[in-house]
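I have placed the structure first, in the form of structure tokens, so that the comments after it can refer back to it.
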Protein chains: 4
Amino acid sequence: MSRTLIKGGTVVTASETVRCDVLIEGEKVVALLGGDAPEPTVDRVIDATDRLIFPGSVDAHTHMEIPFGAATSKDTFETGTQAAAWGGTTTIIDFPIQMKGESLMGSFEDTMAKAAGSSAIDFGFHQIVGDVNEQSLADLDLVLEEGVTSYKLFTAYPGVYYSTDAEVAKVMQWASGNGSTILMHAENGSAIDLLREQAVARGDTAPYAHAATRPAALEGEAAHRVILLAEMTGAPVYIVHISAKQVVAEIAAARARGTNAFGETCPQYLYLELAMLDQGFEGAKYVCSPPLRDPAEGHQAALWQGLSNGALQVIATDHCPFDFEGQKTLGRDDFTQIPNGLPVVEHRFPLMLHAALAEQRFSLNRMVEISAAAPAKMFGLYPQKGTIAVGCDADIAIVDPAATSVISAETHHMNVDYSCFEGMELTGKVETVFSRGQLIVSDDRFVGSKSHGRYLRRGLNQLLF
Amino acid sequence: MSRTLIKGGTVVTASETVRCDVLIEGEKVVALLGGDAPEPTVDRVIDATDRLIFPGSVDAHTHMEIPFGAATSKDTFETGTQAAAWGGTTTIIDFPIQMKGESLMGSFEDTMAKAAGSSAIDFGFHQIVGDVNEQSLADLDLVLEEGVTSYKLFTAYPGVYYSTDAEVAKVMQWASGNGSTILMHAENGSAIDLLREQAVARGDTAPYAHAATRPAALEGEAAHRVILLAEMTGAPVYIVHISAKQVVAEIAAARARGTNAFGETCPQYLYLELAMLDQGFEGAKYVCSPPLRDPAEGHQAALWQGLSNGALQVIATDHCPFDFEGQKTLGRDDFTQIPNGLPVVEHRFPLMLHAALAEQRFSLNRMVEISAAAPAKMFGLYPQKGTIAVGCDADIAIVDPAATSVISAETHHMNVDYSCFEGMELTGKVETVFSRGQLIVSDDRFVGSKSHGRYLRRGLNQLLF
Amino acid sequence: MSRTLIKGGTVVTASETVRCDVLIEGEKVVALLGGDAPEPTVDRVIDATDRLIFPGSVDAHTHMEIPFGAATSKDTFETGTQAAAWGGTTTIIDFPIQMKGESLMGSFEDTMAKAAGSSAIDFGFHQIVGDVNEQSLADLDLVLEEGVTSYKLFTAYPGVYYSTDAEVAKVMQWASGNGSTILMHAENGSAIDLLREQAVARGDTAPYAHAATRPAALEGEAAHRVILLAEMTGAPVYIVHISAKQVVAEIAAARARGTNAFGETCPQYLYLELAMLDQGFEGAKYVCSPPLRDPAEGHQAALWQGLSNGALQVIATDHCPFDFEGQKTLGRDDFTQIPNGLPVVEHRFPLMLHAALAEQRFSLNRMVEISAAAPAKMFGLYPQKGTIAVGCDADIAIVDPAATSVISAETHHMNVDYSCFEGMELTGKVETVFSRGQLIVSDDRFVGSKSHGRYLRRGLNQLLF
Amino acid sequence: MSRTLIKGGTVVTASETVRCDVLIEGEKVVALLGGDAPEPTVDRVIDATDRLIFPGSVDAHTHMEIPFGAATSKDTFETGTQAAAWGGTTTIIDFPIQMKGESLMGSFEDTMAKAAGSSAIDFGFHQIVGDVNEQSLADLDLVLEEGVTSYKLFTAYPGVYYSTDAEVAKVMQWASGNGSTILMHAENGSAIDLLREQAVARGDTAPYAHAATRPAALEGEAAHRVILLAEMTGAPVYIVHISAKQVVAEIAAARARGTNAFGETCPQYLYLELAMLDQGFEGAKYVCSPPLRDPAEGHQAALWQGLSNGALQVIATDHCPFDFEGQKTLGRDDFTQIPNGLPVVEHRFPLMLHAALAEQRFSLNRMVEISAAAPAKMFGLYPQKGTIAVGCDADIAIVDPAATSVISAETHHMNVDYSCFEGMELTGKVETVFSRGQLIVSDDRFVGSKSHGRYLRRGLNQLLF
């Protein structure tokens, strides 16, 4: 097998920052070597002088090519995983979606068919359970056998993905029996739908109404509820895409009393804000659910704080890109028709790098923890993914911490016509990316292949109390 | 320099459990090598098949040869550090004690003189500030230059170590200016002394009264107070030897609002309990401050929970051994004359190993975090100490996870005539210990030297928000 | 008009305990007179020497002759209001029940028809909204015009009274616009129904399963949710028949942040307990929703505490009696068929009197507040009802505080074949009762009339912040 | 005895608003009469048409003629009680002050000597315990026999009134044994003194520094601490002159867990604010302790909220007036020399009347509760004081709710050269005041006498759980 030595750099993992060389053999890291260690013979040397060497990043929440109302999210597994790679992400976990009335196992197979052979990087799946019934409960056992150890339900979107509390509890009971983790989209969909109908009825149809009808208190309410259901059933619960300070507080309180409750937020909830929806229909570019929040209410500060103090464990993206022209514009006359979602997969790791390097929001180690190690542990992929250690997959992102770059739709690699972070200048630049020992980004070119990425059968949550 | 290869074992750090070999050159780890990596030439091979390889453990709270009333704690730096080594601990942080009316710099120099040349393992110091005045404040700057970055004050022991809130605040202001961390013994000494006097006055003089006059609520009160003083001054605060659930809650709440508040507990507060004091004068064996608590009130459960969920970061010992005969017995007629303290330094790491291996209270990784990595980070020694990584000190404890041992005063190595854990059977056994590359425990013999241990100049707290 | 003087007694209101005479003219109290005041000429003197004179008590929660599954609650307005009078209660507020698919206004008219001309004491109505739709929302305005200023919804009983969160919010929005108060039966009916189905499916069909499938946490969850909906809509919310400590905490927290949240508990949740359901089918006598709770979990203590510190404002009964033979027995093979409800209306005031006189749980004044003054203020009847003051209705209960009585189905006046307080000995005895100046209980006889009670048009909540 | 009838008005008590006439005979209210009640023969009729009739108000916290540093508070019992009467206050509770090294009983006797024969209205005493020692503890028993049932200690003012936690606990233990209530001035005096010294040392000597060196968090800290000491000892604790939201929260939390903790605030903390100190030396007019707070931090809102929801029970004044010229000016070069205190006794009731009538902050009944009924109950004077009921003292304030007045030093009756509420226009005007049946304010004249006021021997706290 071919040997590569990444030489002269500084390895940054969740726990250490260490000057050492990384020896890759085939798909694996086989040694970490200090300057005084005997030098191995290798086929290729990558000069990492003045560079930081990170474990390939893990995005635990993406939605490639999924339908939302009349639109389909623009990134396919092919375009989306390549964009991810450009940003140093070497693992994604996407979602087969069982729709109401459809087969759960079918949704898994369909999504697998889309992703297999089309992904530049490795991928796993969380299964969305959109219709809790006898057949879908039976299918859960089959999907579990395929290495899917996390299942997502919604208290939002009545009539679409919404589950009643009984349905949530039923799936949690099942998960509790086998150690799976339940992901929850926590917003009170019932009350939100009332507010949406009333907004439309009174002609309040601009994008801003999308946020105004999804108050933070209703996100907090749903989080409180699903955490209690998790406590009742014994299932670990992971609340996705948290935007509201109330949810941070609910998770902190649950963890303080010993509950396996976990939380994820996304860069958009940290760096973007409510006011961005309030600019006529341009605001549609910022429509996602839960919505962006008002910093004056302290949400962003609470999220950053939660990432620092451990109330939140994971930074993911909820990547779900829609073109402004032709897709977001479906809701020009009615905000309820705007497809929900933002393009983020490419910039999550660079944004967090910037947060650590330029904004000193947390250490580089904590940055690696929330963006790579913790999602890998949470979803049973560690230490294969999420760190750089002997025996792990050689998923590596080499970064020049002194370089800068500017985010722009002109230059990004996601298949979407705008960027919600347009113009933002970032400190730190991902230069070189390996996926399982294969160089996939180098010298400003994508050098990987469409069929390199493999499906990841995952183990159970390693972050349980 | 001499090379040693620890071969065939499994390295367990705070973040990973990895099958790999560890290459030591001189005092340092220079490589971590997988089975497929090129084999280095070495001088010595340690066979670690079926063994776990841990970073040498870090005990951040010991008291060797200190006075307490009429007694002096029995372990000298020589006996105490050797006992520590037997239990896999390769770093201790001890305390120079400035007494009222004495010189702070003098206390530092005296303690250094005692430890230097007498320690089997590396050691650092927290400085106790027992008399806040102009001279001692001036001395703080000098001690800081010696690499002491943490300072301890007491809200307990009026007339002895006690500082007023103004004095605590004054030292915190100083610490805030240079990044040092303030350690607090948090009990309301004023109210406690009233209860003690009243107990003695009514003839309630048995050891149990020691605990009865130090209620958990008064530990919680003091913790609340010093955390507010820390918030007012901006200094990081680390509460030592936490025994009460109230303190766990105070720290969790402070951290949730972004305060740099930290907490340490000790094995005695986890495994021992109030009732042990209630057996006539035998109870004196369990006299320490704060006292052991009643499990029916939930203290022990809250401490375990805190170690798991991150409210507490460190497990240390407050090791302060007194013989039962001749020392504890000084208080036979009056519990206030019993010297406070327990012998624990040898068994902290083995007990935590047992908690992870046999009781599944947390993962082995979390065990390493609370007993080695976090104290090293908290007190500016990481990654030199607290982990196994390229470039770190070769402080290593090799453990047979299948072996068992029984704690007994008959066999322990601490210089004290009883064990407070007498008869407890532990899963896991420390077999081999390295300190800075030198073998110090091997084949059931201490093979280190009295003068091996070096003084550690420490950096600042690496766990700040 | 006829004049009566109640002479020589001690008047006890929510605010005072005062030795004075009460002068009644017609239906009203027209003077309170001290011993030195000029003596009026009167038609009748009631000697109240050594007696306590209370305002007639107000039971804000009764269910006369309502269907529950296959059974109808045994007390008619005729029997139920006479039983109430025996126990010193001179006002009840009952509930017209709109069932799914039925007319709201129709339910109001039907219940009015049952109560009018059949009640021994005055009565008002809270309207149950069992089917939120355009017609029922329109009917609400009509019912409001009839002096109904409080409306009840359920998060329990899916398919029967259950409202979705959107429906609850919609009615709250309406109430917020006119100042009405929303009553909530707060239990998570969706999750409870799952547990019930699962219990039945596994053959767990005894009465105890009724309680086991309605955990306290699910009562707390629903309370949390409806309080947030109340905050979102601006409606005052009053949570009925609280049994769980979690709900007490939710209300206290809401009130601390300025929310108009109120709470009611009932004697059964204070004096009875979970274990009573665990005695085979006899347990059916104690089946009500929410269920009786386990004192070991602190529920009863929290309820008493809440009544003392103001977190809870009202003690009512949720009186809903079913015979054990023939009614409760409908569920002999399946607890889900046991009609829910207990017979309490006669003993609420005597039990609270006992709690104050014999158990010193609170002062007599606080007792009057929670059982008469506060419900009267909460539901817009004060000071017409709930106190003894010049100008108020002469609703009066004269009590011998030195007498005792024993509760028994043999002697009670409710139309039901058992008592859930059987054998309990109470200190204090209601001897004489006036309703609007008319003597209705005297010398151990009911001397009122079936048609004396009048419908009470009510004002708005007088306890709002 | 002479009879007076107050005719045609509306009586407002803590519990009722009732149209009725009030019959006074001698010093007592002997009857409340409705329009239809038989008319009594009387000596004098006061026409109260369109007027509100309130119980004379109770100010539970005044400091007449006391030393503060080099100054003595300007109002004597003579001038201060007359000013109180003008504002509808008919009872004050003042404070004998035991200074360090002085006799406690002596301080009681001295203060009694000053007040007796000099007070226009009735008065009671709380005893300040400024030096906890054997003699003063012995004296407490003597003072208790004089009808003093409440004792005040300070965590502020080290070296002056300050008690250590042990001393506070010791007096609380004594109080717990006899049912007395402990009043606490809760600020962390130790930390405050450090900040004061540092402010002076750096030349920060203007009045604003007075507030800047007494942060709200240190008031909250002390409240937390004394509540825990109260819980430990079993004594009821009443925190005086609360200015900080943290204290409101501490009391609410304590009450929620069943602790007899009570809170008082004062008009200055509701209507005045931090910025008023920031106007050069004019700011000295607003120097009091604790200091005025910043509304942007939510303190005032929390205090109003606490008065509404019951976390706070009492509105008093901490009346302690110093002339600006000659007294406040003592601190012109050094804020620490400014005597602390504000002139408020005359305007407390008028301000609360305004808060209810014009600002709708609470009902008139709740206003009477916090300003008359609750202080009377808290300090064992109810129903003799604090309400209008048969048998109570005829202390009555008749108010024209339609009239307005403007506060000004030009027109007020306190013996001080400025008003901290200068220019404030109030709705509602106190027209007529009775003290124990004697007319003392009428037709814009003080018609009482210097020797009318009597010392009140008080009972125990009637508001205990």
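Atoms considered below: every heavy atom in the structure, side chains included; atoms not considered: hydrogens, waters and symmetry mates. This structure is a prediction, so every number in the text was calculated from the model and none was measured.
Scanning for ring-ring contact (aromatic ring centres under 6.0 Å, His included) contacts around Tyr271(C) gives Trp304(C), with sequence neighbours left out.
At a heavy-atom separation below 4.5 angstrom, chain C is approached by Ala37(D), Pro38(D), Pro40(D) within residues 37-45 of chain D. The contact list for residues 379-394 of chain D toward chain C, using heavy atoms and a distance under 4.5 Å, reads Tyr382(D), Pro383(D), Thr387(D), Ala389(D), Val390(D) by residue number. For residues 6-18 of chain C, a heavy-atom distance under 4.5 Å to chain D picks out Ser15(C), Glu16(C), Thr17(C), Val18(C), given by residue number.
Here CZ of Phe465(C) is found 9.0 Å from CZ of Arg366(D). Values are rounded to the nearest 0.5 Å. In this structure, the separation between CG on Leu463(D) and OG on Ser308(C) is 12.0 Å, given to the nearest 0.5 Å.
With a 4.5 Å cut-off on non-hydrogen atoms, Lys377(D) touches chain C through its side chain but not through its backbone. There is no contact between Arg361(D) and chain C, counting heavy-atom distances below 4.5 Å.
In terms of heavy-atom pairs under 4.5 Å with chain C, the best-connected choice from Gly310(D), Gly258(D), Ala302(D) is Gly258(D). Chosen from Val248(D), Asn309(D), Asp21(D), the residue pairing most often with chain C at heavy-atom distances under 4.5 Å is Asn309(D). Note on Leu33(C), Leu23(C), Leu464(C), Asn365(C): by heavy-atom pairs under 4.5 Å with chain D, the leading option is Leu33(C).
Gln305(D) approaches Arg255(C) most closely through the heavy-atom pair NE2-O, 3.8 Å.
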